[in-house]
Amino acid sequence: METQARRRKKITNNNYNRIKYELVIKISSAEGIDNPTTYPYRVAFWIRPNDEYITQEAYGSPNLVWNSTCHIELDILSMEDYRYLYLEVIRCGEAGSSGSEPGTSTGITLVGRAQIQLPKLWSKRGGRFELFRPDGDGVSAQGHVHVSMEITNSYRFF
């Protein structure tokens with residue numbers, strides 16, 4: 001009898017069970033914003049340049065409420081490259097209306113900015129963060145925004 005030798009091939013797909021991380025951001029509300037009943041407001045936010053997210057419009061008095069949640073996938077190789085959440089609260093008015101700053105043609109006005117350090121893996125960060133607005137050569141405080149964040153991992157199959 002003739003025996004046949006079996007050859008086994010080793011599977012070398014390194015992406016089969018690769019760990020990915022997910023940043024979960026919840027933008028809840030803002031307070032101390034100038035005249036929130038007159039114009040709609042949004043929050044633009046990002047961790048990577050040119051990869052911006054934006055909430056729906058909110059009106060409110062005395063506080064604005066968004067309750068928006070966003071999931072951003074992070075690769076294990078790039079986690080060290082991103083350390084902050086950058087966000088801007090913007091007022092959305094009609095172009096040429098009294099809701100826009102002089103010189104703007106879009107009707108969008110920056111209300112305030114915040115730079116918030118991202119949480120470490122497996123931890124949460126949240127709270128009331130102060131917004132700052134450019135004011136001449138410096139900045140001035142302009143309300144607060146309520147944000148929570150968490151970085152978790154999830155197994156993905158590619």
Side-chain angles (χ1 to χ4, degrees), residues 18-156 158:
R18 189 173 177 184
I19 298 174
K20 290 277 190 175
Y21 293 91
E22 184 175 66
L23 172 63
V24 181
I25 301 168
K26 182 174 183 184
I27 299 175
S28 301
S29 60
E31 59 189 38
I33 303 299
D34 59 341
N35 201 7
T37 58
T38 308
Y39 301 101
Y41 290 79
R42 290 182 171 212
V43 178
F45 58 99
W46 63 94
I47 61 168
R48 300 178 194 107
N50 302 319
D51 195 10
E52 188 175 288
Y53 300 86
I54 194 160
T55 65
Q56 74 278 6
E57 291 181 347
Y59 296 84
S61 181
N63 300 326
L64 299 163
V65 177
W66 292 281
N67 285 332
S68 293
T69 301
C70 180
H71 298 258
I72 300 173
E73 190 174 276
L74 302 173
D75 189 289
I76 192 167
L77 301 175
S78 63
M79 280 192 55
E80 292 297 317
D81 295 338
Y82 310 111
R83 298 194 182 272
Y84 295 98
L85 170 69
Y86 302 91
L87 64 82
E88 297 179 341
V89 175
I90 53 177
R91 182 174 61 223
C92 307
E94 297 287 327
S97 74
S98 61
S100 64
E101 296 291 324
T104 65
S105 60
T106 62
I108 296 174
T109 303
L110 174 66
V111 174
R113 291 184 173 138
Q115 177 179 318
I116 306 166
Q117 188 172 11
L118 295 178
K120 304 247 184 265
L121 185 59
W122 307 113
S123 64
K124 297 178 181 182
R125 176 176 301 259
R128 180 177 177 250
F129 299 95
E130 194 161 22
L131 295 168
F132 294 95
R133 175 186 202 151
D135 188 13
D137 291 335
V139 294
S140 62
Q142 179 62 47
H144 298 87
V145 64
H146 297 265
V147 176
S148 63
M149 299 179 282
E150 178 179 17
I151 296 180
T152 61
N153 73 339
S154 58
Y155 294 92
R156 308 282 174 136
F158 298 96

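Only this structure's heavy atoms are used, side chains among them; waters, hydrogens and symmetry mates stay out.
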Taking only residues two or more places apart in sequence or in another chain, which ones pass side chain to side chain donor-acceptor pair (under 3.5 Å) with R128? E31, H144
Might you point out which heavy atoms bring E73 and R48 nearest each other, and give the distance in Å? O-NH2, 2.6 Å
Side chains of P119 and K124, heavy atoms from C-beta outward: is any pair under 4.5 Å? no
Let me see the working for I33 and N63 under side-chain contact (heavy atoms from CB on, under 4.5 Å), right down to the final yes or no. CA-CA 7 Å; I33 303 299; N63 300 326; over 6 Å; no
Contact check, side chains of M149 and V24, non-hydrogen atoms, under 4.5 Å: no
Could you tell me whether the side chain of L23 reaches within less than 4.5 Å of the side chain of T152, counting heavy atoms only? no
Identify, with sequence neighbours excluded, every residue that meets ring pair (Phe, Tyr, Trp, His ring centres under 6.0 Å) alongside Y53. F45
Mind checking whether I90 and I54 have side chains closer than 4.5 Å, heavy atoms only? yes
Is there a side-chain contact between S29 and V145 in this structure, where contact means two heavy atoms from C-beta onward sitting under 4.5 Å apart? no
Could you grab the distance from atom CD of E150 to atom CG of L118, nearest 0.5 Å is fine? 13.0 Å
Does R91 make a cation-pi contact with Y39, if we ask for NZ or CZ under 6.0 Å from the ring centre and within 45° of the axis? yes
Keeping W66 on the side-chain end and Y41 on the backbone end, is there a donor-acceptor pair under 3.5 Å? yes
Per the side-chain hydrogen bond (donor to acceptor under 3.5 Å, both in side chains) rule, what does the pair list look like for residues 114-123, sequence neighbours excluded? none
Evaluate W46 against E88 for side-chain contact (heavy atoms from CB on, under 4.5 Å), listing each step before the verdict. CA-CA 9 Å; W46 63 94; E88 297 179 341; 3.8 Å; yes
What I'd like to find out is whether the side chain of K26 reaches to under 4.5 Å of the side chain of C70, using heavy atoms alone. no
Taking the side chain as C-beta and beyond, is there a heavy-atom pair between L64 and V43 under 4.5 Å? no
The test is side-chain contact (heavy atoms from CB on, under 4.5 Å); show your working for L87 and L131 and say whether it passes. CA-CA 9 Å; L87 64 82; L131 295 168; 3.9 Å; yes
